[in-house]
Amino acid sequence: MARMHQESTTMAVIPTEEEMAELPTRGQAVYEAKKPLLEPEFSDQYAVIHVDTGEHVLGKTFNDAHREMLKNRLVDGRLYGQRIGDEVE
């Protein structure tokens, strides 16, 4: 279970090593569930997925999608990114 870390008035969730190790597997599973919504219409764009909530954003680049997620969405939690249409090995 993630530990809580407090700095001044904000609290952040710090994932455990085990949670971080499972991030690619969980992120890929969420992506696979969203795949029918994303492919082929958004192929060659990037999706960044909030693994804990399943929320996602799209961008022309990974950095665009990541910035959008951090700017307008939940910033606590684990994020997974992938180019839409690419197969993960």
Side-chain angles (χ1 to χ4, degrees):
M1 176 127 222
R3 302 177 309 274
M4 297 297 285
H5 176 70
Q6 185 172 358
E7 281 185 22
S8 66
T9 59
T10 62
M11 294 186 77
V13 175
I14 301 173
T16 65
E17 286 184 37
E18 183 178 299
E19 289 171 322
M20 289 304 293
E22 71 179 12
L23 178 60
T25 302
R26 289 196 58 207
Q28 183 63 32
V30 175
Y31 176 82
E32 289 297 323
K34 292 179 170 287
K35 199 173 189 176
L37 301 171
L38 300 173
E39 295 179 11
E41 183 177 352
F42 299 106
S43 288
D44 296 327
Q45 292 189 40
Y46 290 80
V48 170
I49 299 166
H50 190 283
V51 174
D52 301 311
T53 66
E55 186 174 358
H56 73 277
V57 295
L58 305 177
K60 289 184 180 184
T61 67
F62 173 79
N63 286 338
D64 288 346
H66 190 253
R67 252 191 307 275
E68 184 69 18
M69 177 65 82
L70 295 178
K71 182 173 98 177
N72 296 319
R73 307 288 196 285
L74 300 169
V75 295
D76 265 355
R78 296 166 291 169
L79 302 177
Y80 171 82
Q82 179 175 326
R83 186 174 180 175
I84 299 168
D86 282 356
E87 294 298 320
V88 176
E89 295 179 22

Please report the C-alpha distance between His56 and Gln82 in whole Å, then the side-chain angles of each, then the deciding distance to 0.1 Å, and finally whether the side chain to side chain contact (heavy atoms under 4.5 Å, CB included) criterion is met.
CA-CA 11 Å; His56 73 277; Gln82 179 175 326; over 6 Å; no
Does CD belonging to Glu32 count more than 12 external heavy atoms closer than 6.0 Å?
yes
Can you tell me how far the [atom1] atom of [X] sits from the [atom2] atom of [Y], to the nearest 0.5 Å?
| X | Y | atom1 | atom2 | result |
| --- | --- | --- | --- | --- |
| Tyr46 | Ile84 | OH | CD1 | 10.0 Å |
| Thr53 | Arg78 | OG1 | CZ | 10.5 Å |
| Glu22 | Met20 | CD | CE | 10.0 Å |

Just to verify, which of Val57, Val51, Leu70 counts as forming a side-chain contact (heavy atoms from CB on, under 4.5 Å) with Leu79?
Leu70
Quick one: closest heavy-atom pair of [X] and [Y], and the distance?
| X | Y | result |
| --- | --- | --- |
| Ile49 | Gly27 | CD1-O, 4.4 Å |
| Phe62 | Val48 | CE1-CG2, 3.8 Å |
| Gln28 | Tyr80 | OE1-OH, 2.7 Å |

The side-chain hydrogen bond (donor to acceptor under 3.5 Å, both in side chains) partners of Tyr31 (sequence neighbours excluded) come to Glu39
Of all residues at least two apart in sequence or in a different chain, which pass the side-chain hydrogen bond (donor to acceptor under 3.5 Å, both in side chains) check with Thr61?
Asp64
Between Asp44 (side chain only) and Gly85 (backbone N and O only), is there a donor and an acceptor less than 3.5 Å apart?
no
Note, Arg26 side chain near Asp52 side chain (heavy atom, < 4.5 Å):
yes
